[in-house]
Amino acid sequence: MPDPSSPDSPGEPPAEALLRLAEAMVFAAPAPVTPRQLTQLLPETADADAVLAALRARYEGRGVALVEIAGGWQFRTAPDLAARLRRVVQVPRRLPRVAMETLAIIAYHQPVTRPEIEELRGAALGQGTLDQLLEAGLVAPRGRKETPGRPTLWGTTPAFLSQFALQQLRDLPRREDLLVDPAPLDPTPPPEPPPA
Amino acid sequence: MPDPSSPDSPGEPPAEALLRLAEAMVFAAPAPVTPRQLTQLLPETADADAVLAALRARYEGRGVALVEIAGGWQFRTAPDLAARLRRVVQVPRRLPRVAMETLAIIAYHQPVTRPEIEELRGAALGQGTLDQLLEAGLVAPRGRKETPGRPTLWGTTPAFLSQFALQQLRDLPRREDLLVDPAPLDPTPPPEPPPA
Amino acid sequence: MSDLPPPQGERPVAPEDALLLRLDGFEGPLDLLLELARGQKLDLARISILALVEQYLAVIEGARKIRLELAADWLVMAAWLTWLKSRLLLPKGAEAAEEGEAAAEILAERLRTLQAMRLAAAWLAARPQLGHDVFTRGQEEDLVETDRSRLLLDVPGLIRAYLAAMRRAGARRQYRPAVLSVWTVKDALSRLALLVGNLPDWASLEQFLPDSLGTPLQHRAALSSTLLAGLEMARGGAIRLRQDAEFGPILVRRGTNPSPESPPSEEGSPHA
């Protein structure tokens, strides 16, 4: 085994020992691992970004993938295996269409008040809808708007980024691109998976 | 990608698709996966044991290992790396009340015999209490008292001073400052023990 | 409005009836308007607001024939759209017509926004979701080790323990009055009777105090006891007392009529 403390020559692939260490750290961590956290574990001369890139390449096409989430790295199962894994792993219910629309409005217009959400949707917002989003940890209060009544402002959480595998809010498609691209015109969500 | 439902020829290594599926399942499962559980996920013709063996071989020498636990399989951080990733959190514990009282009496009355401690505390002293203090290195024998039975004299150790962040025993508050007149301080008599 | 798909489109119903009966299925008037706009199969940017308005009013009119109790917001929107229609039908250039154009553009923009949000929701829903489609490691591995070997010790704790032990032990001890070592009248009587027989002349009463008296308190107690004993013996005539001046020395000498009960014996004292 190569000495993990030996410096990598520039351009060369990172030493196997560094890959092992990064693999173990990302694997054992309860949350996505940032390159900064990895840097603290690796020898000083090691390039955390290069190590992570090499590790991601190693998992290419496998049942588990190294993905970048909200600025950190995490192992997740490959998306194409979803249908088969849902048969053995317990899956919570999907959010209903109204909740998904409300979530999208909050994501695109945050921080946003409930009256503003209702204005955008052109319909009243049932309390249950906001409760669903809160319970799933996808939205959170972001202070109050300094207008009469001081309504609560809502925004998305890091869990929102994590759940939808986004690195940042900017990864959401631009509003204009959504309207131009007619592909996902059908707003109905995919059908509920049959209960396991 | 090979069709996961295609039967493996006997003797040949399991198809990559089966390995991917097993890898994702073992990774995502909340408990070790038994070959029986894996069989239910894999196509009928697949050999779960062979798939698991091939998967284990693939992870040989990596930062993550496929290990058998209680009849099932799960991924664990490689033992040599787990040690490096382990963080030790110090949670100091308190001495039991009896031990603390005994320690205080020894500190203030040293050198003192066990019968004298019992007389001062007004209660018998279990051997376990003295053992706790000895084990923690807080007290040590200080010779024997030249009275009938030659009982062991006890005193505090240098470790006692360092544990309590004291330079010397004299840094403890004077007994006279603590106990102006201990007995009459408490006018209420101790409650009668309930009849057994 | 022949090809309007019902919003949840799972049953093949006659579209017009479907729309009429399913007003409740729409999330408000804007939702219905968007559905109608989608029915135009046009880019929302080039949508005909006038056609849209006419469709909406037709739906509401049809619905009112069946159900009189339409929700207020459907009717509010209908009233506003009627106003909008009247403006849009005016010849171009009129001030009121421009007012209508602006209002129509605001409506179109609202519909575009709602459509964009709906598409964003669909975009999100189509992504592999954590916990639904992709999964993180199912079993946590806790690499945090808790070391409880160290002791939490501090001087205040030590002192609290010491005080607790001392108080408890102190409270348990039984109260025994301290033994007073004072010279009693009885002692004084014995001593005085013993010594006074040898007295040739007046002598100071203090000479009859015992030798080993520690504290001033004990000294004064012994003096008063001896005085009391002297007074008692003088009453019986066994001795005589005199004091020449206030606060002067008290003098004592053998009496002329020794009392029969003096000196009292150690055991036979009548007043125990």
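Bear in mind the structure is a predicted one, so any value in this text is a computation, not a measurement. Naming convention: chains lettered A, B, ... in sequence-line order (proteins, then strands); numbering from 1 in each chain.
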Report yes if some heavy atom in the side chain of R87(A) is under 4.5 Å from a heavy atom in the side chain of Q40(B); otherwise report no.
no
Tell me whether [X] at atom [atom1] has more than 12 heavy atoms from other residues, nucleotides or ligands lying less than 6.0 Å away.
{"X": "R93(B)", "atom1": "CZ", "result": "yes"}
{"X": "E44(A)", "atom1": "CD", "result": "no"}
{"X": "R56(B)", "atom1": "CZ", "result": "no"}
{"X": "Q168(B)", "atom1": "CD", "result": "yes"}

Within residues 24-39 of chain A, contacts to chain B at heavy-atom distances under 4.5 Å involve A24(A), M25(A), F27(A), A28(A)
Residue-level contacts of residues 130-148 of chain A with chain B, using a heavy-atom cutoff under 4.5 Å
none
Turns out that what part of R58(B) lies under 4.5 Å from chain A's heavy atoms comes down to side chain
Okay, L41(B) and chain A: the region with an atom under 4.5 Å from a heavy atom over there is both
CG on L55(A) to CZ on R62(B), rounded to 0.5 Å
7.5 Å
Ignoring hydrogens and angles, tell me if any N or O in the side chain of R20(B) forms a donor-acceptor pair with the backbone of G61(A) under 3.5 Å.
yes
